[in-house]
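Since the structure comes first, as structure tokens, the remarks are kept for the end.
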Amino acid sequence: MDMEVRESFSLKKFNTFDIEVACKYFVECEREEELLEFVRSYELNPEEVLILGGGSNFLFTEDFDGVVFYPTMQGCEVVGEDGDDVYVRVGSGVVWDDFVAWAVEHGYGGVENLSLVPGHVGATPVQNIGAYGMEVGESIVSVEAVDIVKGEKVTIDAVTCRFSYRDSIFKHEWKNRFVVTYVTFRLSKRPVFRLHYGSVHDEVIRLGEISLKTIRQAITRIREAKLPDVKVLPNAGSFFKNPLVERAFADSLIEKYPSLPVYPVDEDHVKLAAGWLIEFAGWKGKVIGHAGVHEKQALVLVNTGGATGIEIAHLANEIKKSVFLQFGVWLEAEVNVI
Ligand code: EPU
């Protein structure tokens with residue numbers, strides 16, 4: 001398919017919150033060369049640009065007066081092997097969970113705990129998606145992208161991506177500058193299973209022998225039980241990040257709230273379970289207008305039907321204030337608010 005540029009284009013189908021907004025230009029591209037040609041002729045800067053994958057991590061509060069790039073590169077190809085490792089190059093437009101299914105099917109480990117995470121492959125390094133004790137940054141070898149500023153094709157290695165908890169260089173210095181076209185992953189033919197998070201181990205055992213397939217099944221079940229289906233209740237997964245705080249501060253909170261879940265990060269820092277804080281502050285299941293807090297996972301905000309982005313942003317702000325007043329912790333959005 002040739003590259004398509006559309007004007008005044010509705011993004012309703014391209015954001016999982018199902019918000020009715022439009023962008024000035026929408027550029028869908030499947031071929032790198034065409035994308036390169038486009039960025040060379042328009043000399044855009046990152047402020048005028050937004051790069052959309054599955055749209056599962058955006059909250060639009062108004063129309064976007066710029067260019068939205070929607071890369072749809074396809075393909076999933078083994079490009080090398082090295083001992084027990086295989087290298088797989090995947091198009092940025094591939095649905096993430098289809099890639100996970102492919103990997104599990106082939107017996108390649110490294111992404112199985114990330115089953116059912118929404119979105120496209122190209123967005124995964126930006127966000128460094130993570131779940132159930134695994135982060136995608138651990139498996140990424142390199143990211144191919146088009147630099148919209150220099151009009152060049154680049155290959156960025158994993159170290160340069162600066163992956164950390166739900167974070168990468170693509171959210172900071174390089175925000176909206178690189179349109180990811182392909183991602184190369186290192187997967188293992190002899191996977192080391194990771195079962196330590198929450199109820200993963202018990203759920204796998206219930207399904208039978210421990211394997212990539214049973215892990216994928218178990219995680220699918222756990223997610224489906226807690227996380228709302230975007231087709232039924234539009235949402236963007238966890239709305240907030242789990243806040244990183246100093247260990248001493250966390251200790252003082254635990255004295256007051258002994259059941260507060262805490263995850264170790266390094267010697268001096270821990271993460272707190274934001275979902276717990278929000279639930280404890282009384283928000284779980286609450287609805288303001290058309291925006292709600294999911295009744296099974298307080299970290300997830302939902303569009304109960306016909307919400308505007310502003311309504312959801314307003315609910316998010318009320319939650320932030322209330323959690324701060326109660327616990328002295330500022331929550332930070334994981335979702336990109338536009
Ligand atoms: N909790 C509550 N109430 C809630 C939600 C959670 O008390 O309403 C408690 C749970 O009981 C548990 C702890 O908080 O003790 C953690 O809950 P959970 O295992 O559901 O994970 P989370 O920290 O809320 C994170 C990710 C999810 C990911 C899960 C599993 C972030 C921001 N979120 O959620 O990611 O699926 O862990 O690994 O890190 C996403 O990013 O969109 C997402 C869904």
Side-chain angles (χ1 to χ4, degrees), residues 15-17 53-59 96-97 100 111-120 123-138 163-168 171 194-203 215-216 218-230 233-245 250 253-254 257-265 270-286 292-302 316 319-320 322-323 326-327 329-337:
N15 76 97
T16 60
F17 260 127
S56 54
N57 210 39
F58 280 94
L59 174 63
W96 169 258
D97 194 54
V100 177
V111 288
E112 60 281 2
N113 289 31
L114 303 174
S115 287
L116 229 61
V117 170
H120 293 180
T124 62
V126 177
Q127 165 80 350
N128 188 18
I129 60 165
Y132 306 100
M134 205 172 255
E135 280 185 353
V136 79
E138 301 171 69
F163 294 121
S164 63
Y165 171 62
R166 293 297 198 278
D167 205 20
S168 74
K171 283 184 142 189
R194 241 181 256 180
L195 306 172
H196 62 275
Y197 188 96
S199 56
V200 174
H201 180 262
D202 294 351
E203 194 68 45
I215 294 175
R216 175 165 167 78
I219 290 195
T220 302
R221 282 196 189 180
I222 296 170
R223 290 187 74 97
E224 282 176 345
K226 272 197 186 179
L227 298 168
D229 180 350
V230 293
L233 215 45
N235 72 86
S238 298
F239 192 93
F240 298 104
K241 291 196 224 180
N242 285 330
L244 182 79
V245 300
L253 273 181
I254 291 165
Y257 308 102
S259 61
L260 167 63
V262 171
Y263 308 98
V265 173
V270 298
K271 272 188 307 197
L272 308 175
W276 188 97
L277 298 172
I278 296 167
E279 178 174 353
F280 203 90
W283 286 98
K284 200 175 195 170
K286 278 215 176 149
V293 180
H294 188 49
E295 50 196 12
K296 294 184 196 148
Q297 212 325 349
L299 204 46
V300 179
L301 304 189
V302 297
I319 293 171
K320 261 170 117 166
S322 141
V323 165
Q326 179 148 9
F327 303 103
V329 177
W330 270 117
L331 295 179
E332 198 188 314
E334 178 189 314
V335 167
N336 292 295
V337 182

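Start at 1 and go down the list; that is how both ligands and their atoms are numbered. All residue numbers refer to positions in the sequence shown, counting from 1.
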Side chain, backbone, both or neither: which part of W283 comes within less than 4.0 Å of ligand 1 when only heavy atoms are counted?
-> neither
Note: A131, heavy atoms under 4.0 Å from ligand 1, region reported as both
Electrostatic pair R223-D229, nearest N-O below 4.0 angstrom | no
Can you tell me if R223 has a non-hydrogen atom under 4.0 Å from ligand 1?
-> yes
Close approach, K271 and ligand 1, non-hydrogen under 4.0 angstrom | no
Salt bridge E112-R216, side-chain N to carboxylate O under 4.0 Å | no
Distance to 0.1 Å, residue and atom name: give those for the protein heavy atom nearest to atom 7 (O) of ligand 1.
-> W276 CD1, 3.3 Å
Given V262, N242, V245, the one that forms side-chain contact (heavy atoms from CB on, under 4.5 Å) with K271 | N242
Salt bridge flag under 4.0 Å for residues K284 and E295 | no
Among Y197, Y263, F239, closest by any non-hydrogen atom to atom 18 (P) of ligand 1 | Y197
So which of K226, Q297, E334 gets nearest to atom 5 (C) of ligand 1, if we judge by its closest heavy atom?
-> Q297
When only distance counts, is G133 in polar contact with ligand 1, meaning an N/O pair under 3.5 Å?
-> no
Considering the heavy atoms of A273, write down every atom of ligand 1 situated less than 4.0 Å from one of them.
-> 13 (C), 14 (O)
The answer for which part of F240 has a heavy atom under 4.0 Å from ligand 1 is backbone
Does atom 11 (O) of ligand 1 have a protein non-hydrogen atom under 4.0 Å from it?
-> no
